[in-house]
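Input: a single structure, listed below in structure tokens.
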Amino acid sequence: MDSQRLCGLVFVSALILLVSKPSSVTAGDIVHDDDSAPKKPGCENNFVLVKVQTWVDGVEASEFVGVGARFGTTIESKEKKAQQTRLILSNPRDCCNKQNNKLAGDVILVDRGHCKFTTKANFAQQANASAVLIVNNQKELYKMVCEPDETALDIRIPAVMLPQDAGATLEKMLMNNSLVSVQLYSPQRPVVDIAEVFLWLMAVGTILCASYWSAWSAREASIEQDKLLKDASDEIPSAKAPLGASVVDISTTSAVLFVIIASCFLVILYKLMSGWFVELLVVLFCIGGVEGLQTCLVALLSRWFKRTGESYIKVPILGAVSYLTLAVSPFCIAFAVLWAVFRNISFAWIGQDILGIALIITVLQIVRIPNLKVGTVLLSCAFLYDIFWVFVSKKLFHESVMIVVASGDKSGEDGIPMLLKIPRMFDPWGGFSIIGFGDILLPGLLVAFSLRYDWLANKTLRAGYFLWAMMAYGLGLLITYVALNLMDGHGQPALLYIVPFTLGTFLTLGKKRGDLQILWSRGEPERPCSHIKLEQSQELDEAK
């Protein structure tokens with residue numbers, strides 16, 4: 001496939017896909033806080049998510065998720081210790097008056113009604129209920145708080161709010177004259193889930209593979225260029241690197257423009273986020289994924305099918321395309337289409353990660369930073385971009401724009417597909433650990449640059465910059481997950497931790513070793529052939 005067309009398509013796709021970058025968990029936070037609902041004696045619980053497991057006539061049935069109230073006793077965290085209790089309908093249904101039912105430690109199901117939440121809980125407690133489930137009149141959950149004028153609350157039973165659809169299902173169960181039992185508990189998330197370990201390995205491994213591919217391509221181009229320079233002096237003025245046409249070098253201007261364009265696109269995503277818009281993003285992701293997967297497979301298979309990879313056929317619109325590319329393309333297209341069609345099934349994340357990793361590796365091989373100056377500008381802008389849209393945007397939009405877009409809260413979907421994700425395996429709440437493409441791509445550009453420089457300068461692994469840049473990235477990403485767990489799952493801007501580690505390490509080492517000026521301006525060491533080229537060019541001028 002034509003390299004320039006591939007470059008343009010992948011680079012544009014990368015710019016579009018880089019807008020999603022917080023490392024977060026899509027299952028929802030277990031503990032919530034709300035400054036607008038201050039704590040006071042008798043009304044000082046955290047807002048926690050609560051599992052409501054049901055049984056119908058002794059047979060395990062549906063499980064629902066509610067949110068605990070600010071008042072009442074805390075919810076049991078361990079499933080084994082949570083008691084299975086009979087559920088009955090409240091009478092009156094809104095529990096705004098004294099109960100007509102005779103309760104014996106039962107859990108009662110209550111309508112939202114118009115009276116205070118604490119009023120409902122007090123009447124339920126007086127009727128000897130063990131807990132109260134309040135059904136909201138909307139699909140969303142509502143935080144149940146105490147009124148400002150309420151004092152000296154003495155509510156000793158837990159209160160949980162359920163969404164409207166869950167309440168309708170429970171009511172239907174009870175209307176069938178079935179014996180319905182419920183179990184209420186709020187399990188805690190594990191401090192570390194194995195999914196985060198695999199996601200860390202996936203991110204580090206992706207940058208590792210892409211860096212070696214990029215450095216190998218640069219070294220091959222350098223060797224070929226040196227060979228051309230030595231062979232014929234009359235070809236010197238037009239000698240170019242063989243792979244130059246397939247590489248896009250970022251400039252400082254494009255680095256700044258990237259952040260501006262990405263910010264505009266992020267706001268568009270936030271404002272227009274809906275089912276159809278997510279479908280459009282899926283199509284864009286599939287196009288980029290097909291290009292990335294095809295490029296990676298062709299590069300790998302060409303080692304065994306060299307003749308097929310070097311034989312070309314002219315295709316209308318596409319231009320010269322190798323036979324190997326034609327053979328691989330149908331598989332890549334079919335893979336992306338199958339993922340798009342079945343992306344909502346439980347193991348579709350595998351296909352999404354394969355397409356995403358292939359796209360990231362391809363972009364890191366094609367898009368390059370020419371020197372440390374451009375890398376510093378790009379990562380510094382991205383650093384500010386990440387912080388602004390995760391934290392500062394809350395002041396302007398009353399919610400974190402980045403996290404809303406990444407999780408798909410406004411679309412009714414599972415979120416945009418421009419993420420690598422792995423299901424949380426030992427988390428009782430399920431969900432995914434995710435990382436945005438930008439948290440891999442942007443630092444990856446700097447790491448790949450470090451390995452290209454090391455190889456061109458013939459530096460050993462320890463004396464070079466790649467090993468330390470790679471370790472700094474891995475440590476920065478690790479600190480991100482530590483912060484994520486300390487913040488109880490609240491989305492964190494990964495570049496807040498990754499950029500200082502990666503860029504700081506590079507700048508510090510460069511200054512200490514005396515290479516900073518070359519890294520900052522040239523981006524590559526001076527080669528002997530450059531002097532040969534200069535001398536031969538001077539000889540040509542004198543001959544003229």
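Since this is a predicted model, take the numbers as computed values, not measurements.
- The minimum heavy-atom distance between V259 and C381, with the atom names listed, is CG2-CB, 3.2 Å.
- No donor-acceptor distance shorter than 3.5 angstrom exists from the side chain of S254 to the backbone of I250, with no hydrogens or angles considered.
- Of all heavy-atom pairs between N46 and R70, the closest is CA-NH1, 4.1 Å.
- Looking at every heavy atom in both residues, G288 comes nearest to L359 through O-CD1, 3.3 Å.
- Here the straight-line distance linking atom CZ of F449 with atom CG of L519 works out to 5.0 Å at 0.5 Å rounding.
- Closest approach of L441 to L364, counting heavy atoms only: O-CD2, 3.4 Å.
- In terms of modelled atom types and a separation under 3.5 Å, the side chain of D193 and the main chain of M425 share a donor-acceptor contact.
- Within the 4.5 Å cutoff, the side chain of L516 has heavy atoms near those of the L372 side chain.
- No donor-acceptor pair closer than 3.5 Å links the side chain of S214 to the backbone N or O of S211.
- A donor-acceptor distance shorter than 3.5 angstrom exists from the side chain of R522 to the backbone of E524, with no hydrogens or angles considered.
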Evaluate side chain to side chain contact (heavy atoms under 4.5 Å, CB included) for K271 paired with F397, printing each intermediate quantity in order. CA-CA 11 Å; K271 294 294 185 181; F397 299 90; 4.2 Å; yes

Please step through side chain to side chain contact (heavy atoms under 4.5 Å, CB included) for the pair F466 and L461, ending with a clear verdict. CA-CA 7 Å; F466 171 71; L461 190 62; 4.1 Å; yes

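- Using a distance-only test at 3.5 Å, with no hydrogens or angles considered, no donor-acceptor pair links the side chain of D454 to the main chain of G464.
- Under the salt bridge (Lys or Arg N to Asp or Glu O under 4.0 Å) criterion, the residue pairs touching residues 495-520 are K459-D515, with sequence neighbours excluded.
- Open room surrounds CD on Q517; 12 or fewer heavy atoms of other groups in view lie less than 6.0 Å from it.
- For Y185, the OH atom is densely surrounded, since the number of other residues' heavy atoms within 6.0 Å is greater than 12.
- Expressed to the nearest 0.5 Å, how far CZ of R462 lies from CH2 of W468 amounts to 6.0 Å.
- With contacts defined as side-chain heavy-atom distances shorter than 4.5 Å, the pair F383/P500 qualifies.
- P443 has its side chain out of reach of V499: every pair of non-hydrogen atoms, C-beta onward, lies at least 4.5 Å apart.
- At least one side-chain heavy atom of Y270 sits under 4.5 Å from a side-chain heavy atom of E399.
- Residues W389 and V267 are in side-chain contact: their nearest non-hydrogen atoms beyond the backbone lie under 4.5 Å apart.
- With values rounded to the nearest 0.5 angstrom, L184 atom CG is found 12.5 Å from K51 atom NZ.
- A donor-acceptor contact shorter than 3.5 Å is absent between the side chain of D427 and the backbone of P190.
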Please lay out, stage by stage, how L419 and F432 fare under the test side chain to side chain contact (heavy atoms under 4.5 Å, CB included). CA-CA 11 Å; L419 306 162; F432 292 87; over 6 Å; no

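- At distances below 3.5 Å, at least one donor-acceptor pair connects side-chain atoms of S393 with backbone N or O atoms of V401.
- Closest heavy-atom contact between A203 and I435: CB-CD1, 4.4 Å.
- Between F258 and L442, some side-chain heavy-atom pair lies under the 4.5 Å cut-off.
- Among the candidates W349, F347, F285, the single residue satisfying the ring-ring contact (aromatic ring centres under 6.0 Å, His included) test with W339 is F285.
- Residues L199 and Y481 have side chains in contact (heavy-atom distance under 4.5 Å, counting atoms from C-beta outward).
- In this structure, CD on Q352 lies 10.5 Å from CD1 on I357, to the nearest 0.5 angstrom.
- Taking every heavy atom of both residues into account, Y497 and F501 meet most closely at O-CD1, 2.9 Å.
- Between the side chain of N136 and the backbone N or O of K139 there is no donor-acceptor pair closer than 3.5 Å.
- If you take CG on L208 and CG on L201, they are separated by 11.0 Å, rounding to the nearest 0.5 Å.
- Interatomic distance, Y212 OH to S217 OG, rounded to the nearest 0.5 Å: 14.0 Å.
- At distances below 3.5 Å, at least one donor-acceptor pair connects side-chain atoms of W429 with backbone N or O atoms of P187.
- At least one donor-acceptor pair under 3.5 Å links the side chain of D386 to the backbone N or O of L495.
- In this structure, F437 and T206 have side chains that are not in contact, with every pair of non-hydrogen atoms separated by 4.5 Å or more.
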Can you list, pair by pair, the side-chain donor-acceptor contacts under 3.5 Å of residues 469-478, counting residues two or more places apart and other chains?
unit_1 : atom_1 : unit_2 : atom_2 : d
Y473   : OH     : D439   : O      : 3.0

Working note: F506 + T376, criterion side chain to side chain contact (heavy atoms under 4.5 Å, CB included); need CA distance, chi angles, decisive distance, verdict. CA-CA 10 Å; F506 213 136; T376 301; over 6 Å; no

